[in-house]
Peer 1: 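Questions regarding the structure given below will be posed in turn.
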Amino acid sequence: MQKHHLLLVDDEPMILHSLSLLFCEDYVVHTATSGTEGLELLQQHPISVIISDQRMPQMTGIEFLRQAKEIAPNAIRILMTGYSDLQAVIDSVNVGEVFRYINKPWQAEKLKETVRFACMVASQRSSIAKEKIKVPASGLSYGLSKPEQVKSEYELLFVDSNPSHLQSFKEFFEPKYVCHTTNSPNDALDMLRRFPIAVLVSEACLNDVDGADFLIAAKSVQPEVVTVLMTSMKDAKIAVRLINEGQVYRYLVKPFARESLRLTIESAVIHYKLNKENPHRNAMLLEQALYANQPRSETRSFQELLTALRQRLDTKPIY
(Lines give C-alpha, C1' and ligand atoms only; values in the text may rest on other atoms or scores of the structure.)
Protein backbone atom coordinates (compact mmCIF):
# COMPACT_ATOMS: atom_id res chain seq x y z
CA MET A 1 0.00 0.00 0.00
CA GLN A 2 1.36 3.39 -0.98
CA LYS A 3 2.32 5.58 1.92
CA HIS A 4 0.79 9.01 2.47
CA HIS A 5 3.08 12.03 2.27
CA LEU A 6 3.29 14.38 5.28
CA LEU A 7 4.70 17.89 5.24
CA LEU A 8 6.08 19.18 8.57
CA VAL A 9 6.90 22.88 8.81
CA ASP A 10 8.64 24.40 11.84
CA ASP A 11 11.61 26.74 12.26
CA GLU A 12 12.94 24.65 15.18
CA PRO A 13 15.06 21.71 13.90
CA MET A 14 14.54 19.71 17.11
CA ILE A 15 10.77 19.88 16.70
CA LEU A 16 11.05 18.68 13.11
CA HIS A 17 13.33 15.86 14.21
CA SER A 18 10.92 14.73 16.93
CA LEU A 19 7.92 14.80 14.59
CA SER A 20 9.87 13.02 11.86
CA LEU A 21 10.76 10.18 14.24
CA LEU A 22 7.10 9.91 15.22
CA PHE A 23 5.89 9.51 11.63
CA CYS A 24 8.77 8.25 9.47
CA GLU A 25 7.88 4.58 9.85
CA ASP A 26 4.34 4.92 8.49
CA TYR A 27 4.57 7.91 6.13
CA VAL A 28 6.79 9.61 3.60
CA VAL A 29 7.88 12.64 5.62
CA HIS A 30 8.97 15.97 4.16
CA THR A 31 10.29 18.75 6.43
CA ALA A 32 10.72 22.47 5.98
CA THR A 33 12.11 25.14 8.30
CA SER A 34 10.11 27.99 6.73
CA GLY A 35 6.82 28.62 5.01
CA THR A 36 8.59 29.45 1.76
CA GLU A 37 10.40 26.13 1.76
CA GLY A 38 7.16 24.38 2.66
CA LEU A 39 5.34 25.88 -0.32
CA GLU A 40 8.10 24.65 -2.64
CA LEU A 41 7.82 21.11 -1.28
CA LEU A 42 4.04 21.28 -1.58
CA GLN A 43 4.39 21.88 -5.31
CA GLN A 44 6.77 18.96 -5.71
CA HIS A 45 5.08 16.17 -3.74
CA PRO A 46 1.54 14.71 -3.33
CA ILE A 47 1.08 15.90 0.24
CA SER A 48 -1.87 14.45 2.15
CA VAL A 49 -1.43 16.22 5.51
CA ILE A 50 0.34 19.43 6.47
CA ILE A 51 1.41 20.13 10.06
CA SER A 52 2.67 23.67 10.54
CA ASP A 53 3.92 25.71 13.46
CA GLN A 54 2.35 29.15 13.84
CA ARG A 55 5.18 31.39 15.04
CA MET A 56 7.85 31.32 12.38
CA PRO A 57 9.97 34.20 11.01
CA GLN A 58 9.11 35.78 7.63
CA MET A 59 5.87 33.81 7.21
CA THR A 60 3.46 32.75 9.97
CA GLY A 61 1.79 29.37 9.99
CA ILE A 62 -1.57 30.93 9.11
CA GLU A 63 -0.15 32.73 6.09
CA PHE A 64 1.62 29.55 5.01
CA LEU A 65 -1.57 27.48 5.34
CA ARG A 66 -3.55 30.11 3.44
CA GLN A 67 -1.17 29.81 0.50
CA ALA A 68 -0.96 26.04 0.91
CA LYS A 69 -4.73 25.82 0.53
CA GLU A 70 -4.44 27.42 -2.91
CA ILE A 71 -1.71 25.02 -4.03
CA ALA A 72 -3.15 21.80 -2.57
CA PRO A 73 -6.80 22.30 -1.58
CA ASN A 74 -7.32 18.63 -0.73
CA ALA A 75 -4.39 18.46 1.69
CA ILE A 76 -5.53 18.44 5.30
CA ARG A 77 -4.11 21.35 7.31
CA ILE A 78 -3.14 21.12 11.00
CA LEU A 79 -1.84 24.11 12.98
CA MET A 80 0.52 23.51 15.91
CA THR A 81 1.77 26.09 18.38
CA GLY A 82 3.10 26.43 21.89
CA TYR A 83 1.52 29.85 22.34
CA SER A 84 -2.01 30.98 23.09
CA ASP A 85 -1.99 33.24 20.06
CA LEU A 86 -5.59 34.44 20.01
CA GLN A 87 -5.65 36.08 16.61
CA ALA A 88 -3.82 33.14 15.07
CA VAL A 89 -6.48 30.74 16.32
CA ILE A 90 -9.30 32.87 14.91
CA ASP A 91 -7.45 33.36 11.64
CA SER A 92 -6.91 29.62 11.41
CA VAL A 93 -10.69 29.30 11.13
CA ASN A 94 -11.37 32.23 8.83
CA VAL A 95 -8.26 32.18 6.64
CA GLY A 96 -6.54 28.82 6.81
CA GLU A 97 -9.61 26.65 7.38
CA VAL A 98 -7.56 24.27 9.48
CA PHE A 99 -8.67 20.74 10.27
CA ARG A 100 -7.25 20.65 13.79
CA TYR A 101 -5.43 22.99 16.20
CA ILE A 102 -2.83 21.28 18.42
CA ASN A 103 -1.02 22.81 21.36
CA LYS A 104 2.58 21.92 22.16
CA PRO A 105 3.65 19.70 23.80
CA TRP A 106 1.55 17.19 21.90
CA GLN A 107 0.33 13.75 22.99
CA ALA A 108 2.15 11.33 20.69
CA GLU A 109 -0.54 8.65 20.33
CA LYS A 110 -3.32 11.18 19.94
CA LEU A 111 -1.34 13.09 17.34
CA LYS A 112 -0.60 9.88 15.41
CA GLU A 113 -4.28 8.92 15.41
CA THR A 114 -5.26 12.45 14.34
CA VAL A 115 -2.86 12.27 11.40
CA ARG A 116 -4.10 8.80 10.48
CA PHE A 117 -7.66 10.11 10.44
CA ALA A 118 -6.60 13.21 8.48
CA CYS A 119 -5.03 10.96 5.84
CA MET A 120 -8.31 9.10 5.50
CA VAL A 121 -10.14 12.37 4.95
CA ALA A 122 -7.51 13.43 2.40
CA SER A 123 -7.93 10.13 0.54
CA GLN A 124 -11.69 10.57 0.40
CA ARG A 125 -11.35 14.07 -0.98
CA SER A 126 -8.73 13.11 -3.55
CA SER A 127 -10.90 10.26 -4.84
CA ILE A 128 -13.70 12.65 -5.72
CA ALA A 129 -13.53 14.26 -9.14
CA LYS A 130 -12.93 17.97 -8.81
CA GLU A 131 -16.05 19.99 -9.36
CA LYS A 132 -16.20 23.56 -10.54
CA ILE A 133 -18.83 25.35 -8.50
CA LYS A 134 -19.69 28.79 -9.73
CA VAL A 135 -19.75 31.51 -7.11
CA PRO A 136 -23.02 33.46 -7.30
CA ALA A 137 -22.59 36.86 -8.89
CA SER A 138 -23.64 38.50 -5.65
CA GLY A 139 -20.77 36.73 -3.90
CA LEU A 140 -18.31 38.70 -6.02
CA SER A 141 -19.86 42.06 -5.32
CA TYR A 142 -18.63 44.21 -2.49
CA GLY A 143 -21.39 46.78 -2.74
CA LEU A 144 -23.87 47.36 0.03
CA SER A 145 -26.87 46.13 -1.91
CA LYS A 146 -29.22 43.56 -0.43
CA PRO A 147 -29.11 39.95 -1.68
CA GLU A 148 -30.58 39.19 -5.09
CA GLN A 149 -34.33 38.71 -5.19
CA VAL A 150 -34.04 35.26 -6.83
CA LYS A 151 -35.04 32.73 -4.17
CA SER A 152 -32.37 30.20 -3.27
CA GLU A 153 -33.12 26.53 -2.56
CA TYR A 154 -30.95 26.67 0.56
CA GLU A 155 -32.28 27.32 4.06
CA LEU A 156 -30.65 29.30 6.85
CA LEU A 157 -31.11 29.11 10.61
CA PHE A 158 -30.28 32.05 12.90
CA VAL A 159 -30.10 31.57 16.67
CA ASP A 160 -29.90 34.66 18.87
CA SER A 161 -31.35 35.68 22.23
CA ASN A 162 -32.17 39.16 20.90
CA PRO A 163 -35.49 39.24 18.95
CA SER A 164 -34.55 42.43 17.10
CA HIS A 165 -31.39 40.76 15.77
CA LEU A 166 -33.41 37.80 14.53
CA GLN A 167 -35.87 40.11 12.80
CA SER A 168 -33.00 41.99 11.17
CA PHE A 169 -31.44 38.77 9.86
CA LYS A 170 -34.79 37.61 8.51
CA GLU A 171 -35.50 40.88 6.72
CA PHE A 172 -32.06 41.02 5.15
CA PHE A 173 -31.71 37.40 4.03
CA GLU A 174 -35.27 36.23 3.39
CA PRO A 175 -35.58 37.80 -0.06
CA LYS A 176 -33.03 35.22 -1.19
CA TYR A 177 -33.11 32.37 1.34
CA VAL A 178 -35.69 30.51 3.39
CA CYS A 179 -34.88 31.76 6.89
CA HIS A 180 -35.65 30.12 10.22
CA THR A 181 -35.08 31.99 13.48
CA THR A 182 -35.23 31.09 17.15
CA ASN A 183 -33.81 32.09 20.53
CA SER A 184 -33.97 28.54 21.88
CA PRO A 185 -31.18 25.97 21.39
CA ASN A 186 -33.67 23.12 21.83
CA ASP A 187 -35.97 24.58 19.18
CA ALA A 188 -32.95 25.06 16.92
CA LEU A 189 -31.96 21.38 17.27
CA ASP A 190 -35.52 20.41 16.44
CA MET A 191 -35.41 22.60 13.32
CA LEU A 192 -32.15 20.95 12.28
CA ARG A 193 -33.90 17.59 12.49
CA ARG A 194 -36.96 18.76 10.53
CA PHE A 195 -35.57 21.11 7.87
CA PRO A 196 -32.69 20.86 5.37
CA ILE A 197 -30.68 23.66 6.98
CA ALA A 198 -27.58 24.55 4.96
CA VAL A 199 -26.07 27.22 7.23
CA LEU A 200 -26.49 27.74 10.97
CA VAL A 201 -25.50 31.13 12.39
CA SER A 202 -25.45 31.46 16.17
CA GLU A 203 -24.71 34.19 18.68
CA ALA A 204 -22.09 33.18 21.28
CA CYS A 205 -24.32 34.04 24.26
CA LEU A 206 -27.72 32.34 24.22
CA ASN A 207 -29.19 33.24 27.60
CA ASP A 208 -27.79 30.46 29.84
CA VAL A 209 -26.29 28.46 26.97
CA ASP A 210 -22.79 28.74 25.55
CA GLY A 211 -22.93 29.30 21.79
CA ALA A 212 -19.87 27.13 21.18
CA ASP A 213 -21.44 24.23 23.06
CA PHE A 214 -24.58 24.69 21.02
CA LEU A 215 -22.76 24.65 17.66
CA ILE A 216 -20.83 21.51 18.61
CA ALA A 217 -24.08 19.79 19.61
CA ALA A 218 -25.77 21.02 16.44
CA LYS A 219 -23.00 19.51 14.32
CA SER A 220 -23.60 16.13 15.94
CA VAL A 221 -27.29 16.40 15.07
CA GLN A 222 -26.68 17.48 11.48
CA PRO A 223 -23.06 16.90 10.37
CA GLU A 224 -23.71 18.47 6.97
CA VAL A 225 -24.73 21.87 8.32
CA VAL A 226 -22.16 24.66 7.95
CA THR A 227 -21.79 26.62 11.19
CA VAL A 228 -20.89 30.24 11.91
CA LEU A 229 -20.33 31.77 15.36
CA MET A 230 -20.97 35.47 16.01
CA THR A 231 -19.37 36.93 19.13
CA SER A 232 -18.22 40.20 20.62
CA MET A 233 -15.30 38.46 22.35
CA LYS A 234 -12.12 36.93 20.99
CA ASP A 235 -11.57 33.74 22.94
CA ALA A 236 -8.81 31.33 21.91
CA LYS A 237 -10.17 28.41 23.95
CA ILE A 238 -13.59 28.70 22.33
CA ALA A 239 -12.08 28.94 18.86
CA VAL A 240 -9.91 25.86 19.44
CA ARG A 241 -12.90 23.87 20.70
CA LEU A 242 -14.93 24.89 17.68
CA ILE A 243 -12.14 23.82 15.34
CA ASN A 244 -11.38 20.47 16.97
CA GLU A 245 -14.84 19.44 18.15
CA GLY A 246 -17.23 21.26 15.85
CA GLN A 247 -15.36 22.01 12.62
CA VAL A 248 -16.81 25.53 12.64
CA TYR A 249 -16.68 27.29 9.28
CA ARG A 250 -16.30 30.91 10.42
CA TYR A 251 -15.71 32.81 13.67
CA LEU A 252 -17.06 36.35 13.24
CA VAL A 253 -16.04 38.98 15.79
CA LYS A 254 -18.40 41.91 16.29
CA PRO A 255 -18.73 44.55 15.13
CA PHE A 256 -18.69 43.45 11.50
CA ALA A 257 -20.31 44.93 8.44
CA ARG A 258 -23.59 43.46 7.30
CA GLU A 259 -21.97 42.88 3.93
CA SER A 260 -19.31 40.72 5.59
CA LEU A 261 -22.04 38.48 6.99
CA ARG A 262 -23.70 38.25 3.58
CA LEU A 263 -20.46 37.20 1.90
CA THR A 264 -19.84 34.68 4.70
CA ILE A 265 -23.31 33.20 4.20
CA GLU A 266 -22.84 32.86 0.46
CA SER A 267 -19.43 31.26 0.89
CA ALA A 268 -20.91 28.88 3.49
CA VAL A 269 -23.72 27.89 1.13
CA ILE A 270 -21.16 26.97 -1.54
CA HIS A 271 -19.24 24.95 1.07
CA TYR A 272 -22.47 23.15 2.01
CA LYS A 273 -23.27 22.44 -1.64
CA LEU A 274 -19.85 20.89 -2.18
CA ASN A 275 -20.16 18.63 0.87
CA LYS A 276 -23.77 17.74 0.13
CA GLU A 277 -22.98 16.62 -3.42
CA ASN A 278 -19.79 14.87 -2.25
CA PRO A 279 -20.59 13.45 1.22
CA HIS A 280 -17.23 11.66 1.42
CA ARG A 281 -15.63 15.11 1.85
CA ASN A 282 -17.41 15.54 5.16
CA ALA A 283 -14.90 14.83 7.95
CA MET A 284 -17.61 14.91 10.61
CA LEU A 285 -19.56 12.13 8.87
CA LEU A 286 -16.40 10.07 8.52
CA GLU A 287 -15.54 10.54 12.19
CA GLN A 288 -19.01 9.46 13.25
CA ALA A 289 -18.71 6.35 11.09
CA LEU A 290 -15.28 5.45 12.51
CA TYR A 291 -15.98 6.05 16.17
CA ALA A 292 -19.14 4.21 17.13
CA ASN A 293 -19.47 5.91 20.51
CA GLN A 294 -20.93 9.04 18.94
CA PRO A 295 -24.07 9.96 20.92
CA ARG A 296 -27.36 9.42 19.14
CA SER A 297 -29.21 12.70 18.87
CA GLU A 298 -32.61 12.00 17.33
CA THR A 299 -34.66 12.90 20.39
CA ARG A 300 -32.22 14.29 22.89
CA SER A 301 -32.52 17.76 24.34
CA PHE A 302 -29.60 20.13 24.09
CA GLN A 303 -28.47 19.47 27.67
CA GLU A 304 -28.72 15.69 27.29
CA LEU A 305 -26.81 15.81 24.04
CA LEU A 306 -24.14 18.09 25.48
CA THR A 307 -23.61 15.76 28.47
CA ALA A 308 -23.17 12.79 26.12
CA LEU A 309 -20.75 14.74 23.93
CA ARG A 310 -18.61 15.75 26.92
CA GLN A 311 -18.45 12.13 28.07
CA ARG A 312 -17.35 11.07 24.59
CA LEU A 313 -14.55 13.64 24.54
CA ASP A 314 -12.92 11.94 27.53
CA THR A 315 -12.23 8.86 25.38
CA LYS A 316 -11.90 10.46 21.95
CA PRO A 317 -8.74 9.09 20.29
CA ILE A 318 -8.06 12.16 18.13
CA TYR A 319 -7.64 15.88 18.82
Peer 1: Hey, does L7 have a side-chain heavy atom less than 4.5 Å from the side chain of L42?
Peer 2: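 Yes, close enough: below the 4.5 Å cut-off.
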
Peer 1: For the pair S220 (side chain) and A217 (backbone), establish whether a donor and an acceptor sit closer than 3.5 Å, ignoring hydrogens and angles.
Peer 2: yes

Peer 1: Might you work through the side chain to side chain contact (heavy atoms under 4.5 Å, CB included) test for L6 and C119, ending with a clear yes or no?
Peer 2: CA-CA 9 Å; L6 306 187; C119 285; 4.1 Å; yes

Peer 1: Do Q67 and E63 pair up side chain to side chain, a donor and an acceptor below 3.5 Å, judged on atom types alone?
Peer 2: yes

Peer 1: I want to know whether F158 and F173 have ring centres closer than 6.0 Å.
Peer 2: yes

Peer 1: Do N186 and S184 get their side chains close enough for a donor-acceptor pair, meaning under 3.5 Å?
Peer 2: no

Peer 1: Any luck finding a side-chain donor-acceptor pair between T181 and H165 under 3.5 Å?
Peer 2: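 Absent: no donor and acceptor within the cut-off.
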
Peer 1: Verify whether one side chain among E37 and T33 offers a donor that lies under 3.5 Å from an acceptor in the other.
Peer 2: yes

Peer 1: Which label fits H45 and H5: parallel for a plane angle under 30°, tilted from 30 to 60°, or perpendicular past 60°?
Peer 2: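 Answer is parallel, since the angle falls under 30°.
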
Peer 1: Without hydrogens or angle criteria, can the side chains of T81 and Y101 be said to hold a donor-acceptor pair below 3.5 Å?
Peer 2: no

Peer 1: Contact between T36 and Q58 at the side-chain level, heavy atoms closer than 4.5 Å - yes or no?
Peer 2: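 Not in contact.
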
Peer 1: Has the side chain of R100 got a donor or acceptor atom that lies under 3.5 Å from a matching backbone atom of V98?
Peer 2: no

Peer 1: Using the rule that two of Ile, Leu, Val, Met, Phe, Trp, Tyr join whenever any of their side-chain heavy atoms come within less than 4.5 Å, decide whether L252 and Y177 are in one cluster.
Peer 2: yes

Peer 1: Determine yes or no for a side-chain-to-main-chain donor-acceptor pair under 3.5 angstrom, with K219 supplying the side chain and T227 the backbone.
Peer 2: no

Peer 1: For E155 and H180, does a side-chain donor sit closer than 3.5 Å to a side-chain acceptor?
Peer 2: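 Looking only at side-chain atoms, H180 and E155 do form a donor-acceptor pair, the distance falling under 3.5 Å.
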
Peer 1: Can you tell if the side chain of D160 reaches within under 4.5 Å of the side chain of N183, non-hydrogen atoms only?
Peer 2: no

Peer 1: Within 45° of the ring axis of F172 and under 6.0 Å from its six-membered ring centre, is that where the NZ or CZ of R258 lies?
Peer 2: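 Geometry flag: set, cation within 6.0 Å and 45°.
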
Peer 1: Quickly, which of V269, V178, V199, I197 forms a side chain to side chain contact (heavy atoms under 4.5 Å, CB included) with Y154? Name it, please.
Peer 2: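 When V269, V178, V199, I197 are each tested with Y154, the side chain to side chain contact (heavy atoms under 4.5 Å, CB included) holds only for V269.
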
Peer 1: List the steps and the verdict of salt bridge (Lys or Arg N to Asp or Glu O under 4.0 Å) for K104 and D53.
Peer 2: CA-CA 10 Å; K104 298 176 182 176; D53 185 40; 3.1 Å; yes

Peer 1: Answer yes or no: does atom NZ of K170 have more than 12 heavy-atom neighbours from other residues, nucleotides or ligands under 6.0 Å?
Peer 2: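 Yes, enclosed.
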
